[in-house]
Amino acid sequence: MVGSLLLAENSFSQASARDQDEDANSEESDSQISGGFEAPSLTIRLELAGSSGELGNKEDAKKAKAQWRKVCKLLGTSLKVGGGAWGSGGFSSFTCRDSRSSSKKMKEPWILNVKRIETDVEVSLIQNSRDGEDPIEYYRQRLPHSEDFMQFLEDEEFIDLVAFAVMDHLPFLMKIEAKKDGDVDSELRVRYPRIGGSRARKFVLVEPPKELTIYTMEYDGKTGLYSARVLGAAKLEKMEPADPETIRKNRGKRNANQGYAYYKLDTAGAKAANLGGVWAHNAQGRGRRSVELTKAVAAANAQLTESSKNGDLGSLLEGGYDLLTNALLDTAASGYIGVRYGKQILAGDPLLAKTSFFGLLTEIRGGPLGGLRIYYDVMPEAKAKEDDLETKIGWSRTIFGTSLGFDSGFLFDRIDVTSKIGMWTLSATLPTEKNEAGTTVSTSDFKFKKQFSFGIEAGLEWNSNFYLVRTWYGFDMALSLGKFGGSAVKSNRFGLDTFLNTGPRFSILGADLKTTLLMFVMYESIELSSPSANKSETGEISGITYDGGYAGLGLAISW
Amino acid sequence: MTDKFNRLRAPAIALFAVSFVFAHTLFAAEVPVATNWVSEYLSAPKPKEGTFVQRIVAVRPLPEKGMPQFSDINRAVLAESTYFQTVDPRNFQWDLRLNSKDDSELRDFGFLQKVSDADTLLIQHGDGKWGVRFKGRSSDADFETEFKMNPKGEAKDAATALFPLLGYDGVILDTSGPFVLVGSTAKTLGQPNIQAMALVDSSEKLSLKNDSREGAGLLSLVNVSGGFAVFEITLLGRGLKKLPVGTKVIIEKKSKR
C-alpha cells in the first residue's frame, strides 16, 4: 500500500483508480461536488454531576466542572468530522451546555442530550431543524447510572463506542473531506477505536461497516426527509490493528496509531471521495446495526459499572494492576532480548587491537517493570607483549537501568533517559610508562572486583515498523570502598544502534516472536585509577585512560 | 382636410402594413419549441397547482423482509414515451435507507411515496396485473385502482394503459400566452395535425371517469417532443380567460387509413 485517503488526517494514497471499470454513476462525480447538506454544528447538553455546580464543596465542584468540560470535549471531538472510530463523525463543531441553559437553546438544530433520568442515564440525539414540527429523535439509549459515569465518559474507548453508536443512527456516518493534491485515490483509510489509557482493549471491538455508500444529500425542512444522490461505494478491504507493542507504546495518547481499516473505493466513489465534501454511511443504511451497537454500549457500561462497584475502575481505565497475574502477564507480554558482538576498530594500540566485545541485553517494555533494561557486557581477556612486558585487559559489567521515555513531538520519535546501577569487574595490566624511544618500560595492574557502579544514559530514537535507530551517550562510574578501596573506573561512551525488523517471525507457546538484526558502532573512553598501580621512576602513577571503538552485529528476539 | 387625409393615407397604410408584418414576425418567433419548453419544465420544481400524475415510482409488491424491489419497467423507455418523471432506483433505495427508522417503515407504501416524493406508485403484481396508488396534496385526490395489460408489455404500454383508467388523454403542464404544454404519451401525440379539447374544472381532479366532460377550450397541435406537445389555444370557452395547469385534455385520435 502506497498510502491512503484518510478521513481524519486528510492524507491520500497514490493508488490509481483509473484502471477500474467505469461505474454507471461515474459521470456524476466528474463535476465539482458542491452545495447540499453541510456538516451541521452540534449542541451537547451534558446534564450530569458538575454541570450545574450543585456540589456543595467548592473544591469538589471545581473538580467536577473540569471533568464536565473534559467529557464534553471528548464527546464532541468524537462526533466531529473524522473524529470518531472507523472514520465516523459528521459535525462541523460543537458547543457544550449544561442544565442551566435557557429553553431557547433547546431549539438548536442538533442536540446531543446526556442526562440523568431516575436511576438511568439517557443518551439521545435529536434534530430540531424541521419547520414547526416535533424534533426528530435519531438515537436514544438508557444506561443504568453509576456514580462514576462521568469517569466512564473520560475513557476514550468508551467515548468512541458511544459516539460511533450515535453516528450510526444518523443520516450521515462520516464526511469525506476534500483532497488536497489532486491525485485520485482508490483507498479510504479509517482509524481503529482508541483504547484510552488502558493497556489493552477493554470492550468487544465493534467492527467497521463492511460496505459504505458514498453520497451527497439535501435536507427538506418541511418533510424532515433527506434526499440523496448516490455517487459510489467502498468495500472494507482489510483491517490492520497496530501490533501490541505499538498499542502499549501509544496508550493514553490521543489519536495514537492503534490500527487502521482500509476501504476499496469503486471508480465513481474514488472520484467523489477525492473531490471531497461527500458523505458516507453503512451501505445497509442508518441504524441497521442498532441492536448490535446498543448492546455493545450497554455491555461496556455494565463492565465499567462492575469495575466501579469492585473498586478497581482505576485499574481498568488506566491500565493499573489489580492482580499480580495480570502484572506478570503484562510484563512478559512485551520486550526483547538480544546478543551482540563487536570488534575493535581503532588501530594503533597492540593490546586494544586484540580486544573484542560481547554483550547480552534485555529490555522490558510493559507492565510494572516497563522501562527496565539489563546489560551484561564482557570484554574477554586479551593479552599482548609490549617490549617484553606482558599487558592484558579484560572486564565485565552487569548493569540494571530504568528508562524514562517521551515523544519529543518533532525531529525524533522518542527521547529517553536511563539511570543505571551495576557492578564492574576488571583486571588489567596496562603500560603506564614509556621511554624517549617509545619503549614500554613499566606496566601497572588495575583490578576491581564487583565494584558498585552508577551511571546515566540519554538516547534519541527514530523508528518505523521496519527499523529503529538510536543514538546515545552514557556515563558510568564505578567506585570501590572495600578491599580495593580507592579504585575507580569512569566510562564515557556514545554510539549508534540500528535495529532492523527483517528477521523471520515465529511463535512459541502462543507468543508471537520476531527476530531483529542489530548493527552497532560505539566509542568508549575508560579512565582507570587504582592505588595499587606501580610507582615509576618519575613518580607515582595512579591512573590511565584508554579509548576503544567497537563495531559489530547482534541479533534480538522481541515479543 | 380631405387632401391632408389622402396625403397621410398611403404612409399610414404602409406603416400599418410594416407594423403588422413586424408584429406577426415577433409573434411567430414566440411560438414555443416543445424540446426547449420540456427542458425548462423538467428542470423547474414541481408545479404547486393542479392534481395530476407527475412523478412515478414503480415497484414490486413489498417483501416481508429486505428492501422494496423495483419493477422491471424500463425508465428510459417510460421517459421517452410519456411525460412522467421517474425516480432513480439507486437514489431512492438509499433515501429509504437513510430516512427509515427501521425495516417496518419499508413495508408501507405511504412511506415509499413520501420518501420518493412520487405522487404515483405503480405496483407490478405480475402476470400483467398492476396497481396504481395516487397520493394528492389533499386526501380528496387520493386514488387507487388496478389494471391489466399484456404480461409481456413494456413501460410504454403501462403508460398507455394508465390514461384510460383516468378518463382523459393528457394534462396541461404549463402555459405561456396562447400556448400550453401538454403531457400525454408519445403514441397519442404522434399523429399529425391533431386537435385536443381541454375539459372544464378538471385541474384538481385526478380521475374524470365518472365526470361529465364539458369543453373548456379547443387546442391545436404545434409541435411534439416524445410524450410532450405544444398546443395553441384556438378557442376558449365562454367566460374563461385561461386554462389552468392541471387541466385535463382529450386528444383527437385519427383512425389509420
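Numbers restart at 1 for each chain; the letters A, B, ... are given by sequence-line order, proteins then strands. Values in this document were obtained by computation on a predicted structure and should not be read as measured data.
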Do A:Ser227 and A:Glu218 meet the criterion of a side-chain donor-acceptor pair at a distance under 3.5 Å?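 Result is no, nothing qualifies.
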
Look at the aromatic rings of B:Tyr83 and B:Phe52 and report parallel, tilted or perpendicular, splitting at 30° and 60°.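 Tilted: the ring planes of B:Tyr83 and B:Phe52 meet at 30° to 60°.
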
So how far is it from B:Phe134 CZ to B:Leu166 CG, rounded to the nearest 0.5 Å?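 Here the interatomic distance stands at 9.0 Å.
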
For A:Tyr215, is it the side chain, the backbone, both or neither that has a heavy atom under 4.5 Å from a heavy atom of chain B?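 Contact with chain B is through the side chain of A:Tyr215 alone.
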
Output field: ring centroids B:Trp37/B:Phe179 closer than 6.0 Å: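 Ring centres of B:Phe179 and B:Trp37 not closer than 6.0 Å.
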
Options B:Asp95, B:Asp117, B:Asp103, ranked by heavy-atom pairs under 4.5 Å with chain A, top entry: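 Counting heavy-atom pairs under 4.5 Å, the top option is B:Asp95.
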
With a 4.5 angstrom heavy-atom cut-off, could you sort out which part of B:Ser100 is near chain A: side chain, backbone, both or neither?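 Looking at B:Ser100, backbone and side chain both touch chain A.
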
